[in-house]
S.K.: 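Okay, here's the structure, questions in a sec.
This chain uses plain numbering: 1 for the first residue, then up along the sequence. All ligand and atom numbering here is 1-based and tracks the order in the structure. Please read these numbers as outputs of a predicted model, since none were measured by experiment.
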Amino acid sequence: MLSKSIENALNKQVRIEAESSQIYLAMAIWAEVKGLEGISSFMYSQSDEEREHMLKLVKFINERGGEAHISELDAPNLKHKTYKEMFEKLLEHEIFVSESINELVHISLQEKDYATHNFLQWYVAEQIEEEAVARTILDKVKMIGDDKGGLYLFDRDIQQLTVDSAAETPE
Ligand code: FEO
């Protein structure tokens with residue numbers, strides 16, 4: 001059974017994951033209208049993944065005797081002008097999510113809620129992977145700089161890049 005404070009903290013994370021999904025959806029649209037099909041489809045999948053992260057939390061909260069709360073979301077506030085800035089935002093956002101997960105882990109230990117602590121380990125591992133993928137992408141983007149041919153290839157190969165990076169991430 002979840003304590004009220006854990007339930008509230010988990011529900012806060014439900015909102016963060018939902019907002020992450022919206023942010024990546026907005027990024028997918030930004031890339032799509034610019035003809036960056038590969039980047040766009042990467043962002044659409046990221047958006048779907050975030051919805052999965054949210055649903056996993058929703059199910060856990062409900063199964064543990066709490067009630068998931070679906071709140072109003074902030075609209076994505078994206079001011080990037082280049083795809084490089086967009087990927088910097090992606091990494092920044094994932095670091096923010098990791099900090100939020102760490103805080104949840106901290107609260108679960110404080111309250112000796114070991115079931116929640118155990119559940120959160122999946123998110124800890126997922127954040128390591130998401131940050132690694134974002135860093136790999138950003139390294140490539142920096143390497144490409146203003147090279148249009150490089151961007152063309154990057155847009156073509158981004159899906160593969162992320163699959164490889166995830167495979168390299170240590171367990
Ligand atoms: Fe669900 Fe990308 O954090």
S.K.: Give me the other members of the hydrophobic cluster that Leu73 sits in, counting Ile, Leu, Val, Met, Phe, Trp and Tyr linked by side-chain heavy atoms under 4.5 Å, directly or via other members.
M.R.: none
S.K.: May I ask you to test the Glu17-Lys56 pair for a side-chain heavy-atom distance under 4.5 Å?
M.R.: no
S.K.: Given atom 2 (Fe) of ligand 1 as the apex, I'd like the angle to OE1 of Glu130 and OE1 of Glu94, rounded to 10 degrees.
M.R.: 80°
S.K.: How wide is the angle at atom 1 (Fe) of ligand 1 spanned by His53 ND1 and Glu50 OE1, rounded to 10 degrees?
M.R.: 80°
S.K.: Checking one value in my table: which N/O/S atom of Glu17 lies closest to atom 1 (Fe) of ligand 1?
M.R.: OE1
S.K.: Please determine if Glu85 and Lys89 form a salt bridge, counting it only when a charged side-chain N lies under 4.0 Å from a carboxylate O.
M.R.: no
S.K.: Give the C-alpha distance, both sets of side-chain angles, the deciding distance and a yes or no for side chain to side chain donor-acceptor pair (under 3.5 Å) between Tyr123 and Gln13.
M.R.: CA-CA 11 Å; Tyr123 286 84; Gln13 193 64 30; over 6 Å; no
